Structure formats: C-alpha cells, structure tokens
Number of protein chains: 2
Amino acid sequence: MSQDWQQLNTDVIALLKEARQNVLQKMRNPLTVAEKTNRKDLVTNVDKANEQFLIAGIRRLDPTAQVLGEEGFGDHLTSLQGRVWIVDPIDGTMNFVKQQDNFAIMIGIYQDGVGQLGYIFDVMNNVLYHGGPQLGGVWANERPVSAPADIALADGLIGASGPLVIHDVAHMQKIVHDSAGMRISGSAGIEMINIMKGETLGYISHLKPWDIAAGQVLMNTLGVQVSTIDGQPLDMLSSNLVLVATKKAQRDILQIEEDDVSL
Amino acid sequence: MSQDWQQLNTDVIALLKEARQNVLQKMRNPLTVAEKTNRKDLVTNVDKANEQFLIAGIRRLDPTAQVLGEEGFGDHLTSLQGRVWIVDPIDGTMNFVKQQDNFAIMIGIYQDGVGQLGYIFDVMNNVLYHGGPQLGGVWANERPVSAPADIALADGLIGASGPLVIHDVAHMQKIVHDSAGMRISGSAGIEMINIMKGETLGYISHLKPWDIAAGQVLMNTLGVQVSTIDGQPLDMLSSNLVLVATKKAQRDILQIEEDDVSL
C-alpha cells in the first residue's frame, strides 16, 4: 500500500508541474474573467482549463476515484467513501486576476474521508508544498518542513478573511485583538504556506472543501489543528467556518467562542 | 546640483547595503524585544542599532542636515527648512519579530519640505526601491519601475491597516466594500512596494513621518497620489491618516469621505 502511495505521489507531482507550466503559458495572454456569485467571486479561463487538465490527469492515474473540483468539471459527490480527490485549480482567483501572484494550485487526496496526501503549489515562487500521513511528513519542494512552534494566540499573527473581520463573525475582532495582529493575503493556500513558514499561527475563513482539502492534510501532518470555529471536524462535502491554528491558539480561540455562548 | 544628488544617491545606496548586511548579521542572534506604547508597538535591538548606524552615516554624508529617526536618535525637528532626512530603521517591526520577513529599511530626503529622494529596502528579498524627482524615476535595484495603471477603486485591491478596518475609521469598511478586496501586510514599506508592483491600487493607514517619507517621494514620482484621507497635503512633522492611491481611486475615496460630510 505505502509503495502505491509513493508512486501516486510521484505521479501527482509530475501532473502538478505540468499544470503549472500550462498556467504560466496562459498568463502570457489576456485572461477571460467572469463573475460567479458576485463581482468579488471570479473565475477565469485558466481556472477552468486547469481544472479540466487536472481532472483528466487524475482520471488516468486513478480511474475509479471520485473527483470534486471547484469549477464543476468533476463528479457530484454525495459521499466521501473510497478515494476522493479534491481539486482547486486556482486558489486565490482574485489575486490571480489582480496581482498575477499569491495564488496556488491545490489537490487533496482522501480515503474514506481521511486525508492522505496534500499539495499546495505556490505557482509564482515555484514551491510545491506536499506531504501527508502516507509520506510521513511535509516537504517544500525537496526540503522537509518542520512543525510550526506551538505558540499562543497572543504571541503570533493571525490570517483572516476580510469579510469575517468587517462583519465581526465569530468574534473575529476579539480574536484579532487578542493576537499580535492580523494579516490578509487573499488565498487560503497562501495562508497555509504562511503557517508552514511560521509567519502566522493560524487562519480563519469561510471555506469550501477545495479551499481546505490540501491544507487540512498538510496541517494535520505538522500538528496544526484544523476544525470548525467551534472545534468540530470539518464536513468535507459542505462549506465550513474553518479555524486553522496551533494547538495553543486553537484553545485560546475556542475559549473566546465558549465565553460568548455562556453570556 | 543634479550631479550632487547623483553622488548623494550613490552614497545612500552604499550606506543602505551596509545597513542591510548588519541587520541580516544581527538576525542570526536572538532579538531583544521591548514594548513602546503597547504590546503591539515593538522595538528591538536591531531597530535601535540600525538607526544609530544610519544616522552616523548620514551625518558623515550631510553634516548640516537635520535627521528625524523613529527611535529618537536624530534631531528634534520643529521645521522642515533646509535638508531633512527621515529614517525608519525597521519598518514593520512586528513582522520583523514574528516573521523575520516583510519589513523594510526606509529613508526619505526632503529639501525645504519637498521630497527629493526615497529609499525602501525590502531586506529579505534584497530589492532596493529608490528614486525621486532628482533622479527622474524609480528603480527596483537596477530595473526601472513603471507607473502603476490608473485604475478606479472598484478595479483593484486596497492595502489597509487592521485597526482602521475594525474600528471603521474614515469609512474604511465602505472603501473596502467598494474595492475589489482588502489585503493587509503589516508594513507601510511593503504596502508601497505592492503598489509599485501593481498588486494593490493604494493603502490607507495612520502613519508617522518615517512610515511614509520615503514612500511619498516614490509614489509622487510614479504619479500615485499621497494625501491625508481628506485630500490635504501631509504634515511631515506630525502623524497623518494617510491615503495613498491611484488618481482615480483617490477621487473615488475622497468622494466617499465627502458624501458622508454632506449627510
């Protein structure tokens, strides 16, 4: 089994490197940008083409698996049984459109609902973060990633999504106040990378399965906690208000949520 | 005169490169961190040592000038007459402490209150942004920086400071809503770099003179507007609620401020 996972990992890395080259190639031409649910929820020709490319590759590697893709070119999932691949072809599409930087290609591979392998490809910096329990660690390209220090909320910076802060969802303003400060990057994948680099201690955002599938595998492998904002396991078939944090910061944040409930 | 400025520029670049080496050297040892006004307002041994190093160098280059430094090792300024150097030895000290990245060394040189040369050194990426009217442009190391596209607020991302957003100072939440989204980096210098790269269209924050002295020179040279949030010139002897933006976005934001006044 483990040898199969090793081979699969090698194949996925090759697929992602080809996907990155395709994306860079397409970025030389003007993007075709469309709105999905509103003017801040974008999709481009590159998101769509890359998802189709990735799903075709996944079908070749793993013909019996289910595939869930952000742009809808995969399967309609009703269960996480068996092997499930969860694909975000461009995470941080607004950054992709406005910055041509700070976005990621992401794949998470789950078996019967349990994360096995995760991939977050920082395209512009050409660093592929990958790993999971089947590989026994996490790597940034060839370099092993060590577990972030288990610091308390007060001792580190926290990544956030802008709307949550502005609307003060789930006591975000209190959480930010208690932390050392807030940073906003605009991409869940880049936020996971910031946590792996020790630049932030966590991240809070409303996320769809493809936004967090890869990140959850990598975080868990490094001892970083991933849960809903009230400490429950994520539902990977739905959207969640996700809390990613060091163990100590998770405890601090869950306490803030609990204090409010007891009012 | 222009030749003098050219020579001065060459000397300042040499001074800043030496300062960067000193900072990198000191980062190999544990930092000594102290709080200034509160637990989110930090100063380290490196801020202090670097300010002393820079001011000593400036005194050698320009003995009759006044020097204003964040950590207080310069002069006590009561006027901007003559030549004034404004120094931020580490801009983004919280990032410096928590991330060892995303901070800058900055110098602005003013003559009778008018910006002449500006320097923002992204230490970890080793890119020195420098320029001004006396050089006729802005460069990122040796590469000329072109003027950012003059886009409207709705068409770009805006940099912000967390507290302004949380407390909704100066209609920040409406400004963010009308933009394509908010990003937070934690360093005024890095925000200026993001604008020069075209990644954001502007930045709004409460800033001290050393936070914006270099940036104001570079922005003005590139046609990006720097004013207070109500469109007035900055007072470089005091703190200001600063609006940096493309011409179109500045107009959009000033309109938001004006609409409120008329209520």
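Atom set for the values below is all heavy atoms of this structure, side chains included, hydrogens, waters and symmetry mates excluded. Just so it is clear, the model here is predicted, and its values are computed rather than measured. Each chain gets a letter, A, B and so on, in the order the sequences are listed, and its residues count up from 1.
Using non-hydrogen atoms only and a strict 4.5 Å limit, the part of residues 200-218 of chain B facing chain A consists of B/T200. At a heavy-atom separation below 4.5 angstrom, chain A is approached by B/M94, B/N95, B/K98, B/Q99, B/D101, B/N102 within residues 86-108 of chain B. Residues of residues 37-49 of chain B having a heavy atom under 4.5 Å from any heavy atom of chain A, listed by number: B/R39, B/K40. Using a 4.5 Å heavy-atom cut-off against chain B, the contacting residues of residues 175-188 of chain A are A/V176, A/H177, A/D178, A/S179, A/A180, A/M182, A/R183, A/I184, A/S185, A/G186.
Interface remark: B/A160 contributes no atoms to any contact with chain A (heavy atom separation under 4.5 Å).
In B/K36, the NZ atom is crowded: over 12 heavy atoms of neighbouring residues, nucleotides or ligands sit closer than 6.0 Å.
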